[in-house]
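Just so it is clear, the model here is predicted, and its values are computed rather than measured. In what follows, chains are A, B, ... by sequence order, proteins preceding strands, each numbered from 1.
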Amino acid sequence: MNETSEQNPCEGCPAHNVQNLIKLGIRMDQYDYVVALAGNPNTGKSTVFNALTGLRQHTGNWPGKTVTRAEGGFGFGGKRFKIVDLPGTYSLLSMSTDEEIARDFLLFGQPDVTVIVVDATRLERNLNLVLQVLEITDRAIVCLNLMDEAGRHGLSIDERRLGRDLGIPVIPTAARQGLGIQELLKAIAEVSSGIVKGTPYRIKDVPKPLARAVERLTKRVRDEYPGLPNARWVAMRLLEGDQRIVGAMRSGELGSIARLNEGLEATA
Amino acid sequence: MSNGQGSREAVIAEATRARWELEEGFHDLLMESIYREAARIADGAVTREGERPRFDLDRAIDSVVTNRWLGFPIMFILLAAVFWVTVEGANYPSRMISAVLIDMIHPWLHNVGEWVGLPSWVSGVLFDGAYLAMAWVVSVMLPPMAIFFPLFTLLEDFGYLPRVAFNLDSVFRRAGAHGKQALTMTMGFGCNAAGVVAARVIDSPRERLIAIITNNFSLCNGRWPTQILIASIFLGSLVPAHLAGIVTSGAVVLIAVFGIGLSLLVSWGLSRTALRGAPSAFSLELPPYRPPQIWKTLYRSLIDRTVFVLWRAVLFAVPAGVVIWLVSNIHAGDLSLAEHFILRADPFALLLGRNGVILLAYVIAIPANEIVVPTVLMLTVMTSGITGLGEGSGVLFELDSASATGDILRAGGWTTLTGVCLMLFSLLHNPCSTTLYTIYKETGSVRWTTVAAIVPLFLGIVVCFFVAQLWRLAAGG
């Protein structure tokens, strides 16, 4: 059995978090934090999005449902959040339009927190994307969705161990049933305000010559843009000749990320 | 911060240099390390209950519906069943709605017009043109859509659509197209404009263009009422009554399958000529089957799809209704504008197994495919001079039964061949204006939009020509 299917004893209490959730729909003119919603296709991103915003973004049981990004808002604990539902992708490394939209937002949109929605029944495949997102940002949360289905398939997942291995909060949910949403909200608030800080796992098992080249280039990138939070990832993209990143390097667009990040670090 | 342009270029140059020093395929090496580490982390966190996985219902269903031999037949049977339920179920509510809108409200509007003292041409344009077009579209389209969309959405919610894509994937790859085109094509069965937008899931621009251009070969919901009506008049009536429903939906499925075939053929042609290249690989996930959320599905398919599509149809039908009324009531010499066109177009149209009436109807109904049949009927009555039916020139009307419609058409010189050719041409002609606009928005190119419009139209003319000639040869005419 997994923990989410048990009734939360706090559910009935008026002081409980979920009571504080104000679904703002698309009214989000001013907001305090930006939340990005990433994940593989068909993991229930749009369902999580709907649960948080009260919107009715079309959901469907097949990959590729969301092809552009949808935006909505919610208020929680006195703060206003803008949430962006990114297209579902399996990776951020190939150059299809949907992956580009997702990647560009994570990189240049500088969300305060990225919620990576993960299909608990297909953890291994989904972690590929999680690891790639963690190369870009360390302000991330894994939303371990579809826990109900995992239970039905006889899977049990040690989310604490997973959280430790990944170095970021892992929240089990069953968004279709509304389970775990309050815990997710709490984690979003904590990470975006900087109360909880992740130390995300970074890919280590890289072939030697590649690792050396990446290391050398990372140093050069960091010299150029001090304070860039994802210099290693930028280096890898440059190495692959990713034209979008080469362009951002050339134009100085990366510099704005570095400055923004320094600002965030100062306020946190 | 060394912000100089020169030092940035130096970093880029170093990256380029390093890329050449590294062995080829380090992208794959990187992917492999990510996969390895993901597997290791997942392995630590997941435990399976018991040694062997229990009986897996998903896998059991998949082994049947994606079976090499059973997959395609099951797909066709499911599609045919959806059509059949739609055909059978839509008849009755359709008749009720038209009884109210056309038999009750329309004469009442005329009375009101007379009472207010409107000039006859104003009430003609308003009530016989605009209002009747709207009423026809609502009564013909609303019931089948209200049945078809929820059924289709339930299949989608259940998780069947990706299986269709899975079945079709290898076929599409052999045609040099992207496997995901199977998904966009399936969406096209709902609405071509939606299918064109869905092509964004395809990575390479080349394969995306192929998917966009060929999407029109998916019979959209605006066109299958035409298919169903013509099939039931000309093919359903050839067999005993109790078989008519099956023959009708079978014929419509055949046309839809023919569309899929052409979609493949055109993809194959494009990927070997104008859009040459190798198909790119992708991973298609078969999501778990989920019990559909029935009430939510019903609500959403009614609000988001049915009302949306209906509203669009009405929006386009109203001005078209005005145009129909005008061309059949403005006279140049002895004949109306419509009659002039029909006479000129007839010789050309007969070559294609059709007549000038159908051509004119298509020209008038370009903005909205769904009003083609009423336009054809109205024009046929007008030119063949049947009296006692309809309410005069330029009046769109609906008949109480398919057989009465058949009588008019046969009196207008229609044969089974005309019916077949109309079905084919309804599949194969330029996309509707909404789809064309969407194609333009998605590709940003006038050239490709033009190609997407001309290719199906050209194919339609060629196919109809050959079918008509062969048919006449076979019939010994």
Side-chain angles (χ1 to χ4, degrees), chain A residues 40-42 56 58 60-64 67-68 90-91 93-98 121 123-125 127-128 130-132 149 153-159 161-162 165-166 176 201 203-207 209-210 213 216-217 220-221 223-226 235-236 238-241 246 249-250 252 255, chain B residues 1-3 5 7-12 14-16 18-19 21-23 26-27 29-31 33-39 41-50 53-54 56 153 156-159 161-162 180 183 197-198 200-204 283-285 287-290 292-293 300 304:
Chain A
N40 282 23
N42 213 46
R56 282 192 303 269
H58 182 80
N61 185 14
W62 57 299
V67 282
T68 48
Y90 292 103
S91 95
L93 293 173
S94 83
M95 280 300 88
S96 63
T97 321
D98 43 352
T121 64
L123 188 58
E124 179 179 333
R125 175 155 14 112
L127 282 183
N128 292 323
V130 174
L131 291 178
Q132 291 175 40
E149 265 175 39
H153 286 92
L155 293 169
S156 63
I157 294 167
D158 185 350
E159 72 261 7
R161 170 159 183 185
L162 186 61
D165 283 349
L166 292 173
R176 278 203 344 161
Y201 181 86
I203 301 153
K204 298 187 183 81
D205 184 13
V206 181
L210 179 57
R216 217 169 45 234
L217 211 55
R220 292 293 307 270
V221 172
D223 286 348
E224 203 60 41
Y225 296 110
M236 282 197 237
L238 287 178
L239 208 50
E240 286 209 14
V246 169
M249 178 83 199
R250 186 170 284 143
Chain B
M1 199 186 274
S2 61
N3 244 342
Q5 191 67 42
S7 61
R8 285 186 208 144
E9 291 296 336
V11 178
I12 296 170
E14 183 174 338
T16 316
R19 189 179 323 139
E21 284 165 15
L22 287 167
E23 52 188 310
F26 71 89
H27 174 87
L29 284 178
L30 195 63
M31 285 309 285
S33 20
I34 294 175
Y35 273 64
R36 247 194 328 273
E37 297 195 32
I41 295 174
D43 214 37
V46 181
T47 38
R48 267 193 177 279
E49 208 172 66
R54 283 178 300 178
D56 190 335
T153 317
E156 178 185 337
D157 231 31
F158 177 59
L161 283 198
K180 276 189 199 164
L183 274 180
V197 174
R200 290 184 190 173
V201 298
I202 295 174
D203 316 352
S204 90
S283 53
L284 174 70
E285 180 177 17
Y289 291 100
R290 290 180 188 144
Q293 298 174 299
R300 269 184 213 156
D304 294 353

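- Comparing A/Lys204, A/Arg161, A/Gln132 by how many heavy-atom pairs each has under 4.5 Å with chain B, the most go to A/Arg161.
- At distances below 3.5 Å, not a single donor-acceptor pair connects side-chain atoms of A/Tyr90 with backbone N or O atoms of A/Arg125.
- Of the listed residues (B/Leu30, B/Ile34, B/Thr16, B/Asp43), the one with the most heavy-atom contacts under 4.5 Å to chain A is B/Ile34.
- By number of non-hydrogen pairs under 4.5 angstrom with chain B, the leading residue of A/Val130, A/Asp165, A/Leu131, A/Leu162 is A/Leu131.
- Take B/Glu14 and apply the salt bridge (charged side-chain N to carboxylate O under 4.0 Å, His left out) test, not counting sequence neighbours, and it matches A/Arg216, A/Arg220.
- Across A/Leu238, A/Asp158, A/Asn128, the residue that shares the most heavy-atom pairs under 4.5 angstrom with chain B is A/Asn128.
- The OG atom of B/Ser33 sits 7.0 Å away from atom CG of A/Leu210, with the distance rounded to the nearest 0.5 Å.
- In this structure, the side-chain contact (heavy atoms from CB on, under 4.5 Å) partners of A/Arg250, at least two apart in sequence or on a different chain, are A/Val246, B/Gln5, B/Glu9, B/Ile12.
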